[in-house]
Amino acid sequence: EVSITKFPADERKIIAKAHDKYKKARAGIINTRHGQIHTPAFMPVGTKGTVKAMLPESVQTTGADIILGNTYHLMLQPGAKRVFKLGGLHKFMNWSKPLLTDSGGFQVMSLSKLRKITEEGVIFNSHIDGSKFMLSPESSTEIQYLLGSTITMAFDECTPYPSTYEQAKSSMELTSRWAKRSRKAFYSRDGYGQFGIIQGSIYNDLRLKSALDLIELDFEGYAIGGLAVGEGQELMFKVLDYAPDLLPINKPRYLMGVGKPADIIGAVQRGIDMFDCVIPTRSGRNGQAFTKYGVVNIRNSKYKEDNTPLEEDCLCPACKNYTKAYLHYLVKVKEILGAMLMTWHNLMYFQKLMLRIREYIAQGKDFDFIS
Ligand SMILES: Nc1nc2c(CCc3ccccc3)c3nc[nH]c3cc2c(=O)[nH]1
Ligand SMILES: [Zn+2]
């Protein structure tokens, strides 16, 4: 007897959803005062006014349209007023394309020893010399203005993971009050923008309330905060299965702190446009190279006589002019050139990944297998 297996309705939905999973991916261009940003975009982190071990013109050759700076570090040293007096961060670091600066709260919580969170803002001691500082929605927004950021981030509280529902709720509500003050303090100019950051941890009703509160403030773009804080990929994707859809479809969506290639691909499929992560730069300096063959730990002794490049078809200086044996040696003896070449290659790898994702989306092709 031939039995025709009819998928029960909910299974059909899952299968349909699987094919739809590319539906939310989108490719676009963000126009700013300092040039265009092709999305989905990967933004290299330049915490202290430099992408470590890279010249800005080298960062540009990797294809990066925008780099990130850190309000927390730059306000402590050399100081926002000094950078302003010297012509702003673009001039100071010789980067003429877009710059995005984080609002600083996240870094205070992860870097400064003593700190106190009040309704007004965060009071903390500098991790450099212990002197006392305060970051508030107003001061953070002003500091980012003095730095000359193309994209300013609202001052938020990154809700730690794990958090109870109550903790996440009060943290999200504080972020909403701070977002309102950040928006009011923002000096809006053509070609510059301010992004709100939604919180709410892993609780969908809190994520919705956070989005509604911030949409009212009509930001130029929106970030999803409170992720990439140890929750793991599965839980992150569970939040990303719905959170991007709570945000305006016509505005950029930035997933803060993400991530490895597989995280980026999964997040693009769920509607994210912008990414930042220290992985390509930090792991590059630690001897990890991202390649199409997987991650290569160049310090491994199996490379000490390997006379082949990291990737034979990569156009970066490390692959064009040097061998794995040389990179192995440089990293082992901690030569600065080792950090430079490994970083350059990894940034090139991440930008190539984003370029291929943008191309696949533009051609309406699936891009699951890239990584
Ligand atoms: N303001 C803020 N920043 C975050 C960062 C730093 C991203 C950053 C921006 C600019 C420069 C460096 C780092 C996160 N990194 C991982 N998870 C993160 C969450 C948040 C968050 O919820 N809020
Ligand atoms: Zn390379």
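Whatever order the structure lists them in is the order used to number ligands and atoms, beginning at 1. It should be emphasised that the depicted structure is a prediction, and the values quoted were computed from it without experimental measurement.
- In this structure, the side chain of S58 does not engage the main chain of M54 through any donor-acceptor pair within 3.5 Å.
- Ranking protein heavy atoms by distance to atom 23 (N) of ligand 1, first place goes to D156 OD2, 2.7 Å.
- Not a single heavy atom of F195 sits closer than 4.0 Å to an atom of ligand 1.
- Heavy atoms of A223 found under 4.0 angstrom from ligand 1: none, in either backbone or side chain.
- For atom 13 (C) of ligand 1, the candidate residues are Q199, M256, Q107; the nearest heavy-atom contact is made by Q107.
- When heavy-atom distances to ligand 1 are checked against a 4.0 Å cut-off, D276 comes that close only through its side chain, counted from C-beta outward.
- The backbone of L227, and not its side chain, has at least one atom closer than 4.0 Å to an atom of ligand 1 (non-hydrogen atoms only; backbone = N, CA, C, O).
- Residue V278 does not touch ligand 1, judged by heavy-atom distances below 4.0 Å.
- Nearest protein neighbour of atom 10 (C) of ligand 1, counting heavy atoms only, is D102 CB, 3.4 Å.
- Every heavy atom of E157 sits 4.0 Å or more from the atoms of ligand 1.
- The single protein non-hydrogen atom nearest to atom 12 (C) of ligand 1 is N70 ND2, 3.6 Å, given as residue, atom name and distance.
- Sorting the N, O or S atoms of H345 by how far they are from the Zn ion (ligand 2) puts ND1 first.
- In terms of protein heavy atoms, atom 22 (O) of ligand 1 is closest to G226 N, 2.8 Å.
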